[in-house]
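Please read the structure below before turning to the comments.
Lettering follows sequence order; numbering is per chain, from 1.
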Amino acid sequence: MQLHDTLSNTRRELIPALAEDGVVRMYVCGVTPYSESHVGHALHAIVFDVFRRYLDWRGIPVKHVQNFTDIDDKLIDRANRLGIPMHELAEQNIEDYHRQLTQMNVLPAHVYPRVTEVVPQIISFIQGLIDRGFAYASGGDVYYKVRQFGPAAYGALSRRDIDDLLSGARVDPTELKSDPLDFALWKGAKPGEPSWDSPWGPGRPGWHIECSAMALHALGEQIDVHGGGADLIFPHHTNEIAQTEAYTGKSPFARIWMHNALLQLGGDKMSKSIGNLVTIAEVLEKYGADALRMFVISSHYRSPSSYSDEALEAARAGAERLRNAAYSSGGAGEALETGDARERFTEAMDDDLNTPRALAVLFDLARDVNRGAAEGRDTANARSLLRELCGVLGLTLAAPEAEAQQAAPFIDLLVAVRAELRAAKQWQLSDRVRDGLLELGIEIKDGPEGTVWKAK
RNA sequence: GGCGCCAUGGCCAAGUGGUAAGGCAGAGCUCUGCAAAAGCUCCACCGCCGGUUCGAAUCCGACUGGCGCCUCCA
């Protein structure tokens with residue numbers, strides 16, 4: 001499988017893995033749980049979930065680690081404003097996030113490390129950097145010496161000249177950096193902030209160090225895939241590389257840097273800080289998990305896509321088409337061949353996770369199934385393959401009829417009565433039943449073998 | 001200002017040298033009491049200009065438009 005690597009700006013073969021055990025080690029930067037997650041986070045989660053599911057399906061063992069940054073400026077600010085402890089706010093949002101992942105049919109990562117759980121490892125990581133001459137304590141803070149790491153290496157991931165960064169660097173006169181490019185590994189405690197003891201006094205980890213420490217401890221010194229949103233390329237992942245490679249002395253830290261493009265909303269990036277966002281909860285409520293996933297996989301993960309009601313509605317309709325075909329009934333005739341659908345699907349996914357192309361294969365397959373059924377052929381195998389491949393993309397193909405289950409006996413009764421009305425050619429009354437049910441979200445379809453209904 | 005990305009039918013979106021996948025929406029037809037679902041048919045010469053080539057949406061250059069990053073951010 002080929003994947004695009006941000007660092008080398010080329011495609012790289014995922015296999016062979018770095019480690020001898022053949023396990024793909026993947027670290028994905030997760031969320032900072034200071035507020036409710038939005039669709040951009042959903043896109044991110046779904047992209048890596050599809051990747052993960054595809055590896056599972058191909059029989060490639062993968063260890064997937066995704067962190068929670070549960071020590072953070074915004075988390076502290078917000079918790080203080082709400083008058084609750086930081087960990088309580090984080091906990092609440094992490095719980096919500098996990099619940100939404102489940103609703104979106106996202107497989108859980110194998111490990112979900114949190115900063116608060118690895119503070120001792122972070123401290124020893126920082127101490128190691130100081131010992132190696134890549135960091136220095138200043139006041140109660142500790143800073144990373146960017147120039148020590150080397151201008152070329154530092155700017156490689158974001159393709160930037162280190163000197164251009166200077167103009168944009170935030171220079172805060174109260175900070176104790178010896179070079180504006182340097183960034184904080186450890187921040188000395190300020191009043192009203194949670195803090196941990198350290199060799200440099202009480203304080204807390206800076207933003208970037210936690211991922212280096214967590215990846216090191218959960219996966220090792222070098223990993224196969226490091227993922228995250230494109231907005232993390234600079235400075236977060238840039239700094240991670242600097243920290244980890246300086247600490248371990250090994251390069252590359254990650255063989256493949258995999259970044260998903262950011263979701264747009266009304267011409268702008270969907271972002272918590274800008275405030276233009278649609279929450280995951282809203283989308284799930286309005287369109288359901290399959291529509292959301294279909295929306296995400298309809299475009300390539302490295303192309304920016306825009307959230308819109310039209311797009312979600314189209315995705316919902318597409319998902320329904322696949323579901324209809326996957327659970328249609330075939331005939332008793334000759335079995336329908338699936339041709340090279342499986343190969344074409346695999347080929348597309350192997351090509352830098354080209355989900356739109358993979359999806360096209362599924363739609364082709366769905367058409368073949370429908371056509372075969374119309375010809376009275378046995379489509380069981382084809383439908384089975386369709387369900388299997390939809391599963392690889394994480395589509396549930398579940399009918400949104402959880403609520404309808406309760407009402408099923410009553411609906412069945414109405415359908416039965418309508419059948420009698422139709423037999424008596426009482427079209428007006430029978431249509432009234434059908435239209436009435438439709439208004440209540442139940443769709444009726446009359447076929448040769450009788451009438452079926454489903455929740456819409 | 002610096003670095004980078006993108007521009008394909010009404011909407012979305014594949015395609016990186018040989019003459020445009022797929023989905024949604026729309027139109028017609030078939031099936032059907034009607035409807036739904038489904039099937040068939042129809043619907044683009046790929047932002048603009050120039051160049052390379054036997055041949056370009058695909059390569060090169062210029063232009064126009066849009067977007068991202070430049071230490072909050074999936």
Practice prompt. Nearest whole angstrom, please: distance from the C1' of B/rG23 to the CD of A/Glu320.
Written response: 13 Å
Worksheet item: Base, sugar-phosphate, or nothing: which does A/Arg159 touch, judged by heavy atoms less than 4.0 Å apart?
Response: sugar-phosphate
Practice prompt. Could you encode protein contacts along nucleotides 5-18 of chain B as a string, one character per nucleotide from 5' to 3', using B for base contact, S for sugar-phosphate-only contact and - for no contact, with a heavy-atom cut-off of under 4.0 Å?
Written response: --------SSS---
Worksheet item: Between A/His236 (NE2) and B/rC70 (P), how many Å, whole number?
Response: 14 Å
Discussion item. Quick check against the 3.5 Å criterion: does A/Asp351 have a side-chain atom that pairs as donor or acceptor with the backbone of A/Glu347?
Written reply: no
Worksheet item: Which ring-ring contact (aromatic ring centres under 6.0 Å, His included) pairs, counting each pair once, include a residue from residues 351-397 of chain A, with sequence neighbours left out?
Response: none
Worksheet entry | Sugar-phosphate, base or nothing in reach of A/Leu438, heavy atoms under 4.0 Å | nothing
Discussion item. Under the rule for ring pair (Phe, Tyr, Trp, His ring centres under 6.0 Å), what residues qualify as partners of A/Tyr301, not counting sequence neighbours?
Written reply: none
Worksheet item: Is A/Ala317 touching bases, backbone alone, or none of the nucleic acid, heavy atoms closer than 4.0 Å?
Response: sugar-phosphate
Worksheet entry | Nearest-Å distance for atom pair NE2/P, residues A/His237 and B/rU71 | 17 Å
Between protein and nucleotides 32-35 of chain B, what N or O pairs are separated by less than 3.5 Å?
| unit_1 | atom_1 | unit_2 | atom_2 | d |
| --- | --- | --- | --- | --- |
| B/rG33 | N7 | A/Arg422 | NH2 | 3.3 |
| B/rG33 | O6 | A/Arg422 | NE | 3.0 |
| B/rG33 | N1 | A/Asp431 | OD1 | 3.0 |
| B/rG33 | N2 | A/Asp431 | OD2 | 2.8 |
| B/rC34 | O2 | A/Arg434 | NH1 | 2.9 |
| B/rC34 | O2 | A/Arg434 | NH2 | 2.6 |
| B/rC34 | N3 | A/Arg434 | NH1 | 2.6 |
| B/rC34 | N4 | A/Asp446 | OD2 | 2.9 |
| B/rA35 | N6 | A/Asp446 | O | 3.0 |
| B/rA35 | N1 | A/Asp446 | N | 2.9 |
| B/rA35 | N3 | A/Arg434 | NH1 | 3.4 |

Practice prompt. Quick one: list whatever passes side chain to side chain donor-acceptor pair (under 3.5 Å) with A/Lys445, sequence neighbours left out.
Written response: none
Discussion item. Check whether A/Asp352 reaches the backbone of A/His4 with its side chain - one donor and one acceptor, N or O, closer than 3.5 Å.
Written reply: yes
Discussion item. A/Glu420: which residues meet the side chain to side chain donor-acceptor pair (under 3.5 Å) condition with it, sequence neighbours left out?
Written reply: none
Discussion item. Applying side chain to side chain donor-acceptor pair (under 3.5 Å), can you list everything that pairs with A/Thr244, at least two apart in sequence or on another chain?
Written reply: A/Ser212
Worksheet item: Taking for each residue the nucleotide of RNA chain B with the nearest heavy atom, is it A/Phe363 or A/His44 whose nucleotide lies nearer the 5' end?
Response: A/Phe363
Practice prompt. Measure the distance from CG on A/Asp364 to P on B/rG23 and round it to the nearest whole Å.
Written response: 7 Å
Fill in: Nucleotide nearest A/Phe234 when distance is taken to its side chain, options B/rC73, B/rG22, B/rU71
B/rU71
Worksheet item: Is it true that the side chains of A/Ser306 and A/Ser308 contain a donor and an acceptor less than 3.5 Å apart?
Response: no
Worksheet item: If you look only at pairs with a residue in residues 382-393 of chain A, which of them pass as a salt bridge (charged side-chain N to carboxylate O under 4.0 Å, His left out), with sequence neighbours excluded?
Response: A/Arg342-A/Glu388
Discussion item. If I take atom CG in residue A/Asn239 and atom P in nucleotide B/rC70, what distance separates them, rounded to the nearest angstrom?
Written reply: 12 Å
Fill in: A/Ile233 CD1 - B/rC69 P separation (whole Å)
10 Å
Response to the item:
Sorted by chain and number, sequence neighbours left out, side chain to side chain donor-acceptor pair (under 3.5 Å) with A/Tyr287 holds for A/Asp309
Worksheet item: Contacts to RNA chain B from residues 365-381 of chain A, heavy-atom cutoff under 4.0 Å, which residues?
Response: A/Arg367, A/Asn370, A/Arg371
Fill in: Separation of B/rA74 C1' from A/His226 NE2 (nearest whole Å)
12 Å
Item to complete: Using Watson-Crick or G-U wobble geometry with both distances below 3.5 Å, tell me the partner of B/rC5, or none.
Response: B/rG66
Worksheet item: Of the nucleotides B/rG22, B/rU71, B/rA36, which has the atom closest to the A/Pro235 side chain?
Response: B/rU71
Item to complete: Taking the six-membered ring for Trp and the single ring otherwise, decide whether the centroids of A/His98 and A/Phe68 are under 6.0 Å apart.
Response: yes
Practice prompt. Measure from the side chain of A/Arg321, starting at C-beta and using heavy atoms only, and say which of B/rU71, B/rC3, B/rG39 lies closest.
Written response: B/rG39
Practice prompt. Would you mind listing every salt bridge (charged side-chain N to carboxylate O under 4.0 Å, His left out) that reaches into residues 97-111 of chain A, with sequence neighbours excluded?
Written response: A/Asp96-A/Arg99
Discussion item. Less than 3.5 Å apart, any donor N or O on the side chain of A/His236 or A/His208 sitting next to an acceptor on the other?
Written reply: yes
Worksheet item: How close or far is atom P of B/rC73 from atom CG of A/Leu43, stated in whole angstroms?
Response: 18 Å
Nucleotides 41-43 of chain B: which of its N/O atoms have a protein N/O under 3.5 Å away?
none

Practice prompt. Have a look at A/Gly40 and say if it touches a base, only the backbone sugar-phosphate, or nothing, with a 4.0 Å heavy-atom cut-off.
Written response: base
